[in-house]
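Taking it in order: structure first as structure tokens, then the write-up.
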There are 2 protein chains.
Amino acid sequence: MNQIISNNLNPHVSVDCVIFGFDGEQLKLLIIERKPKDAVSALPGDLIKDNENLDEAACRVLYELTGLKDIYLKQLQAFGDPDRIKDLADVRWLRDVREEPLTRVITIAYYSLVNLAELAPRPASFAKEVRWELVKKVGKLGFDHNYIVDKALEQLRLNLKYDPLIGFELLPEKFTLRQLQKLYEAVLDQPIDKRNFRKKFLTAKIVVSLDEKEQNVPHKPAQYYRFDRKRYMRIKDRFWF
Amino acid sequence: MNQIISNNLNPHVSVDCVIFGFDGEQLKLLIIERKPKDAVSALPGDLIKDNENLDEAACRVLYELTGLKDIYLKQLQAFGDPDRIKDLADVRWLRDVREEPLTRVITIAYYSLVNLAELAPRPASFAKEVRWELVKKVGKLGFDHNYIVDKALEQLRLNLKYDPLIGFELLPEKFTLRQLQKLYEAVLDQPIDKRNFRKKFLTAKIVVSLDEKEQNVPHKPAQYYRFDRKRYMRIKDRFWF
DNA sequence: TTGCCTAAGTGTATCTTTTACACTAACTTT
DNA sequence: AAAGTTAGTGTAAAAGATACACTTAGGCAA
């Protein structure tokens with residue numbers, strides 16, 4: 001009996017995914033809309049299962065809730081205040097979806113940056129619950145999700161600066177330097193000098209130009225480049241945006 | 001009944017503390033020695049309690065196991081592979097200390113850097129189980145603790161570089177530049193040029209010299225300095241070691 | 001077919017930061 | 001008084017960061 005009680009007191013463990021999306025211009029955030037009424041939206045997240053590790057859980061939950069697949073998720077950190085859930089709307093929502101709605105939940109947050117232009121179109125069944133919201137316009141989210149998003153954005157910025165991989169993973173194989181710059185400007189939320197920006201990546205030689213240019217653009221066509229991963233791996237200790 | 005079974009499958013949540021200690025010369029790691037026989041040592045860690053948040057849990061566990069108090073712990077990340085525990089010795093040890101030794105455990109790791117010279121002497125009751133081991137000589141630890149230590153060290157180094165606070169919190173109010181440099185050398189595990197090191201901190205003006213020098217040292221006495229926290233807060237975005 | 005619009009692409013001078021490097025000074029101990 | 005130890009200091013060269021404006025290549029519309 002003791003055993004059972006102590007089990008009941010076990011916290012649940014969930015994962016929450018902070019998915020930033022870049023559409024070529026602006027930084028957006030993936031949110032799940034809850035039931036139409038009294039809806040506070042939330043990050044995609046759910047309890048983990050018994051035999052999956054945390055990374056797997058995050059991928060699965062993201063897939064189940066949004067249809068997104070093959071997204072590289074990075075762990076942010078754990079959030080575990082006993083009073084993470086205090087809002088009435090949150091409690092009501094939990095009652096609908098959880099077997100033990102009052103049990104404490106510790107969540108492990110993950111984040112990622114994805115390309116909105118390239119995403120496979122979502123199956124219609126998911127479509128109505130998922131929304132991309134401009135990061136700057138994200139309103140009140142459930143639980144402590146606003147706090148989590150703040151932390152994730154901070155981490156994303158740091159990450160992009162000291163390890164640009166997360167940026168190149170988002171861009172297509174061939175990209176223009178302008179696309180790259182727009183990405184940095186959107187994530188860091190600041191304008192960047194074009195010449196100095198190019199200089200940084202070109203002199204570091206982590207991008208190499210291809211024999212191909214943009215076509216059918218109503219202005220001078222831009223050169224395509226690719227990311228030189230090997231070169232980057234050799235110099236990554238010295239490269240810092 | 002379903003309820004109870006699903007409870008049983010709930011993972012447990014623990015915290016583990018990676019405590020680095022600096023003795024003025026070298027970087028050490030706090031480890032807990034398990035029972036004398038077939039002992040693999042481990043990081044101080046234990047299950048969290050119902051009504052404490054994660055940070056509190058880490059502090060409590062550290063105190064209970066080592067007597068260390070008022071240590072500023074930073075969260076590293078969560079580790080949650082279902083097969084974190086595979087070593088036989090680990091399983092045997094768990095059987096002795098846990099009610100449900102086979103339940104999966106997800107652990108949240110914390111890290112800190114403390115001053116070995118300043119630590120209040122440990123109560124004798126703790127003394128025999130706690131040991132400070134040179135980081136470079138740490139042997140095999142239980143569970144996935146070696147992996148956790150590696151991650152923590154990586155994070156500590158990054159942290160010390162982009163936010164020197166963790167270093168100044170360790171040093172006494174007044175310190176010499178040599179002490180500060182030794183700290184950096186020990187943590188980063190590389191020699192640093194004395195003149196350039198001083199220049200960096202002095203021109204940034206985040207340390208200010210006091211009217212006091214070392215006494216009774218068998219060499220030219222060094223100037224004492226203090227950390228200028230306010231100044232640092234103003235320029236922290238631009239300071240990077 | 002010309003002119004307009006748009007974004008691409010380029011160089012330099014200045015300033016700042018980083019690096020490498022060796023001797024003298026001040027104190028204690030013997 | 002000499003030996004041992006660590007403190008403390010400056011500079012020249014190289015590398016990196018910053019600020020900044022015009023020309024070019026294409027599509028489109030009049």
Side-chain angles (χ1 to χ4, degrees), chain A residues 23-26 117 160-162 164 171-172 174-186 188 190-226 231-232 234-241, chain B residues 23-26 117 161-162 164 171-172 174-186 188 190-226 235-241:
Chain A
D23 62 6
E25 291 290 330
Q26 293 179 290
L160 189 66
K161 284 187 171 204
Y162 77 73
L171 290 173
K174 53 183 190 184
F175 53 84
T176 68
L177 293 182
R178 167 154 233 258
Q179 285 177 287
L180 186 61
Q181 181 173 346
K182 285 267 186 187
L183 171 60
Y184 274 76
E185 290 178 328
L188 302 180
Q190 57 177 345
I192 302 172
D193 181 88
K194 182 168 51 160
R195 286 192 272 204
N196 296 336
F197 181 85
R198 299 173 143 249
K199 214 182 302 177
K200 183 161 292 165
F201 285 88
L202 288 172
T203 62
K205 294 185 184 149
I206 61 179
V207 294
V208 301
S209 92
L210 301 172
D211 283 339
E212 199 181 344
K213 295 189 177 193
E214 280 182 324
Q215 290 189 347
N216 297 318
V217 286
H219 55 77
K220 179 170 177 178
Q223 187 67 233
Y224 280 121
Y225 291 80
R226 68 172 179 80
R231 163 78 185 164
Y232 171 65
R234 248 177 292 128
I235 65 154
K236 62 185 294 184
D237 293 334
R238 279 157 286 153
F239 187 87
W240 173 269
F241 179 79
Chain B
D23 62 5
E25 291 289 331
Q26 293 179 289
K161 284 186 169 205
Y162 78 74
L171 290 172
K174 53 183 191 186
F175 54 84
T176 68
L177 292 182
R178 167 153 233 259
Q179 286 178 284
L180 185 62
Q181 182 174 345
K182 285 267 185 188
L183 171 60
Y184 273 76
E185 289 178 329
L188 302 180
Q190 58 177 341
I192 301 172
D193 179 89
K194 180 166 54 157
R195 286 192 273 203
N196 294 338
F197 181 85
R198 300 173 141 247
K199 214 181 303 175
K200 182 160 294 165
F201 285 89
L202 288 172
T203 62
K205 293 185 183 148
I206 62 178
V207 294
V208 300
S209 93
L210 302 172
D211 283 340
E212 199 181 345
K213 295 189 177 191
E214 281 181 324
Q215 288 188 348
N216 297 317
V217 286
H219 55 76
K220 179 169 175 177
Q223 188 67 232
Y224 281 120
Y225 290 80
R226 69 172 177 80
I235 64 154
K236 61 185 295 182
D237 293 333
R238 278 156 286 153
F239 187 88
W240 173 270
F241 179 78

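Chain letters run A, B, ... following the sequence lines, proteins first, then strands; residues in each count from 1.
- One can place CD of B:E185 at 13 Å from P of D:dT6, the figure rounded to the nearest angstrom.
- Among the heavy atoms of the strands, none lies under 4.0 Å from A:E214.
- Interatomic distance, A:K194 NZ to A:E185 CD, rounded to the nearest 0.5 Å: 11.0 Å.
- Straight-line distance from the NZ atom of B:K200 to the P atom of C:dT16: 17 Å, rounded to whole Å.
- Between A:K213 atom NZ and D:dT24 atom P there is a gap of 14 Å when expressed in whole angstrom units.
- Using a 4.5 Å heavy-atom cutoff, the side chains of B:L188 and B:F241 are in contact.
- Within the 4.0 Å cut-off from OP1 or OP2 of C:dA8, at least one side-chain nitrogen or oxygen of A:R178 is found.
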N/O donor-acceptor pairs under 3.5 Å from side chains in residues 207-220 of chain A, not counting sequence neighbours:
residue	atom	partner	partner atom	Å
A:E212	OE1	A:K174	NZ	3.0
A:E212	OE2	A:K174	NZ	2.5
A:E214	OE1	A:A222	N	3.0

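- We find that CG of B:D193 is positioned 14 Å from C1' of D:dA7, with the value rounded to whole Å.
- The shortest distance between side-chain heavy atoms of B:W240 and A:W240 falls below 4.5 Å.
- Taking atom CZ of B:F241 as the reference point, atom P of C:dT18 lies 10 Å away to the nearest angstrom.
- Side chain of A:R231 to backbone of A:A204: a donor-acceptor contact under 3.5 angstrom is found.
- Rounding to whole angstrom units, NZ of residue A:K199 and P of C:dA13 are separated by 12 Å.
- In this entry the distance linking CZ of B:F197 with P of C:dA20 reads 16 Å, nearest Å.
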Show, in sequence, the C-alpha distance, side-chain angles and deciding distance for A:Y184 and A:F201, and conclude whether the side-chain contact (heavy atoms from CB on, under 4.5 Å) test is met. CA-CA 12 Å; A:Y184 274 76; A:F201 285 88; 3.7 Å; yes
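- The side chain of A:P221 sits closest to D:dA25 out of D:dA25, C:dG9, D:dA7.
- The side chain of B:R198 lies closest to D:dG8, out of D:dG8, D:dC20, C:dT28.
- Atom OH of A:Y224 is separated from atom P of C:dG9 by 11 Å (rounded to the nearest Å).
- In this structure, the side chains of B:Y224 and B:R226 stay at 4.5 Å or more apart for every pair of heavy atoms.
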Protein N or O to nucleotides 1-4 of chain D N or O, pairs below 3.5 Å:
residue	atom	partner	partner atom	Å
D:dG4	N2	B:P218	O	2.7

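- For the pair A:R195 and C:dT10, the criterion of a side-chain N or O lying under 4.0 Å from OP1 or OP2 is not met.
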